[in-house]
Student: 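Below you'll find the structure I mean.
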Amino acid sequence: MQSSGRVYQWLLNIVMIGFTLFCLMPIWLLFSSSLTDDMELVRNGYAFFPKDISFSAYHYLWNTSSEIARAYGITVLTTVIGTAAGLSLTAMVAYPLSRIEMPFRNTLAFYVFFTMLFNGGLVPSYLLYTNYFDFKNTLLALIIPGLLMNGFFIILMRTFFATSIPTAIIESAYIDGAREWKIFYRIVLPLSTPVLATVGLFYVILYWNDWFNGLIYLTDSKYYSLQNLLNRILLDLQFLQSSTQAGSQTGDLAARIPLASMRMAMAVIGVVPLLVAYPFFQKYFAKGLTVGAVKG
């Protein structure tokens, strides 16, 4: 019995290692393609091990290193502020909705769920944030519109609070004279680390990968996030290569631009920080997501 169990464990480990390598293959292909000579990509396509290694894509990005550094700073700033604010507001909305004694609890929960199905549309949202709140060409345009609050995250966190926080602890805190704010910050939040880490990771990914708000609300390049800057660089390069009326000097410049490998290098620059941050959230991710979504 012990030998058969050991064989089964080895087979399971081999399968999981193979699955992990299979998941890492796209990331390796992305990094390998960013180091491949552009003409090699055009002739032979993408390969896991490049024949002609070239750093030309990163060289072109290095020429705009000051802009990329500023865009990185803006992205990190908006991600940190937006994640902290969004996580705080989500928890403060979800906790009262998880309490049975709260008046109009089901009605308010319906309003939260309604926002997951319908919204006002792009034009009313743009007019609201630009004409009334004056968010155009400000960092608030990268933080608030469409990202600061999410109905799915509120319902996910509400379910966790309702099913995973023992009611007896809250009642005992009431008996000891604790107020709602003290119970929330001293008892509920410390016991909710898995769901807070899970929702926080979702917010980090949303803010880090967001380019739509910058496309709509920003016209000043000094407020561009990393995704907006990389998108602008890519569009400029595509314009240079596709222009048929360019002069010989511009045409020669466009011919030397490694457009294919540049796409991969931009993706590497954008995805590496998330790959570095994910292992710190991973141990909470599965528990917070399953407990908050499956129960209730």
Side-chain angles (χ1 to χ4, degrees), residues 61 64-97 104 107-158 181 184-185 196 199-239 266 269-271 273-274 277:
L61 291 178
T64 58
S65 58
S66 60
E67 296 181 8
I68 291 179
R70 184 179 67 247
Y72 252 117
I74 292 175
T75 300
V76 171
L77 180 64
T78 56
T79 300
V80 171
I81 296 177
T83 300
L87 199 58
S88 301
L89 292 175
T90 301
M92 287 189 290
V93 173
Y95 175 65
L97 294 178
F104 307 107
T107 303
L108 295 176
F110 170 77
Y111 288 145
V112 172
F113 177 74
F114 186 82
T115 62
M116 298 172 57
L117 304 177
F118 305 99
N119 59 68
L122 179 59
V123 175
S125 299
Y126 178 82
L127 294 176
L128 177 67
Y129 289 121
T130 56
N131 293 348
Y132 293 94
F133 294 137
D134 198 21
F135 284 171
K136 189 173 183 179
N137 287 326
T138 64
L139 292 181
L140 292 177
L142 299 175
I143 297 175
I144 295 180
L147 296 175
L148 192 60
M149 290 281 281
N150 188 290
F152 171 73
F153 297 158
I154 294 175
I155 293 177
L156 182 68
M157 198 172 291
R158 182 204 65 172
W181 282 102
F184 178 65
Y185 283 110
L196 292 176
V199 175
L201 179 61
F202 283 147
Y203 272 119
V204 168
I205 294 175
L206 286 176
Y207 276 103
W208 188 270
N209 291 331
D210 177 59
W211 59 272
F212 188 69
N213 283 338
L215 180 66
I216 296 175
Y217 300 107
L218 298 182
T219 56
D220 191 344
S221 60
K222 71 179 181 179
Y223 294 108
Y224 279 175
S225 65
L226 180 64
Q227 307 299 335
N228 292 120
L229 179 62
L230 295 180
N231 183 60
R232 192 198 70 180
I233 294 174
L234 183 61
L235 292 177
D236 291 343
L237 295 178
Q238 288 176 339
F239 174 76
M266 291 176 183
I269 291 176
V271 77
L274 292 181

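Along the sequence shown, residues are numbered consecutively beginning with 1. Since this is a predicted model, take the numbers as computed values, not measurements.
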Student: Have a look at Ile154 and tell me which of Thr115, Leu89, Val93 forms a side chain to side chain contact (heavy atoms under 4.5 Å, CB included) with it.
Tutor: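 Result: among Thr115, Leu89, Val93, Val93 is the only option passing the side chain to side chain contact (heavy atoms under 4.5 Å, CB included) with Ile154.
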Student: Step by step, would you call Tyr217 with Phe135 a ring-ring contact (aromatic ring centres under 6.0 Å, His included)?
Tutor: CA-CA 7 Å; Tyr217 300 107; Phe135 284 171; 8.1 Å; no
Student: Hey, could you give me the CZ/OH distance between Phe104 and Tyr111, rounded to the nearest 0.5 Å?
Tutor: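 That separation rounds to 10.0 Å.
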Student: Indicate yes or no for a side-chain donor-acceptor contact from Asn213 to the backbone of Leu142 under 3.5 Å, with no hydrogens or angles considered.
Tutor: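 Not at all, since once roles are kept as given, no pair shorter than 3.5 Å links the two residues.
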Student: Measuring from atom CZ of Phe118 to atom CZ of Phe113, what distance do you get when rounded to the nearest 0.5 angstrom?
Tutor: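 Answer rounded to 0.5 Å: 9.0 Å.
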Student: What pair of heavy atoms forms the shortest contact from Phe152 to Met116, and how long is it?
Tutor: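 In terms of heavy atoms, the two residues are closest at N-SD, 3.6 Å.
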Student: For the residue pair Ser221 and Arg232, what are the closest heavy atoms and their distance?
Tutor: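 That closest heavy-atom pairing would be CB-NH1, 3.6 Å.
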Student: Taking all heavy atoms of Gly121 and all of Pro124, pick out the closest pair and write down the distance.
Tutor: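 Taking every non-hydrogen atom into account, O-CD, 3.6 Å.
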Student: Any chance you could measure Asp210, atom CG, to Leu215, atom CG, to the nearest 0.5 Å?
Tutor: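 It comes to 10.0 Å.
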Student: Hey, does Met157 have a side-chain heavy atom less than 4.5 Å from the side chain of Leu196?
Tutor: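 When only atoms from C-beta onward are counted, Met157 and Leu196 do touch, with a gap below 4.5 Å.
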Student: To the closest 0.5 Å, what do you measure between OH (Tyr129) and CG (Asp134)?
Tutor: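 Answer for the OH-CG pair, Tyr129 versus Asp134, is 14.0 Å.
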Student: What's the separation between atom CG in Leu147 and atom CZ in Phe212, rounded to the nearest 0.5 Å?
Tutor: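 The distance works out to 10.5 Å.
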Student: Is any side-chain heavy atom of Thr75 less than 4.5 Å from a side-chain heavy atom of Trp208?
Tutor: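 Thr75 vs Trp208: side chains touch.
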Student: Please lay out, stage by stage, how Glu67 and Lys222 fare under the test salt bridge (Lys or Arg N to Asp or Glu O under 4.0 Å).
Tutor: CA-CA 8 Å; Glu67 296 181 8; Lys222 71 179 181 179; over 6 Å; no
Student: What heavy-atom pair brings Met149 and Tyr203 nearest, and what distance separates the two atoms?
Tutor: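 Closest approach of Met149 to Tyr203, heavy atoms only: CA-OH, 3.9 Å.
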Student: Checking side chain to side chain contact (heavy atoms under 4.5 Å, CB included) against Ile143, which of Thr78, Leu77, Thr79 comes through?
Tutor: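 Exactly one candidate clears the test, Thr78.
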Student: Go through it in stages, so that I can follow the logic: the residues are Ile74 and Leu226, the test is side chain to side chain contact (heavy atoms under 4.5 Å, CB included), and I'd like the CA-CA distance, side-chain angles, deciding distance and then a yes or no.
Tutor: CA-CA 8 Å; Ile74 292 175; Leu226 180 64; over 6 Å; no
Student: Strictly distance-based, threshold 3.5 Å: is any side-chain N or O of Asn228 a donor or acceptor partner for the main-chain N or O of Trp211?
Tutor: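 Present.
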Student: For the pair Tyr224 and Leu230, evaluate side chain to side chain contact (heavy atoms under 4.5 Å, CB included) and give the outcome as yes or no after the intermediate values.
Tutor: CA-CA 9 Å; Tyr224 279 175; Leu230 295 180; over 6 Å; no
Student: State, with a plain yes or no, whether a side-chain heavy atom of Leu122 is found less than 4.5 Å away from one of Ile216.
Tutor: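 The answer is yes, as the side chains (C-beta and beyond) meet within the 4.5 Å cut-off.
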Student: Enter the distance from Ser225:OG to Leu218:CG here, rounded to the nearest 0.5 Å.
Tutor: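 One gets 7.5 Å once the value is rounded to the nearest 0.5 Å.
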Student: Taking the side chain as every heavy atom from C-beta outward, state whether Lys136 and Tyr223 have any pair of such atoms under 4.5 Å apart.
Tutor: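 A side-chain contact under 4.5 Å is absent here.
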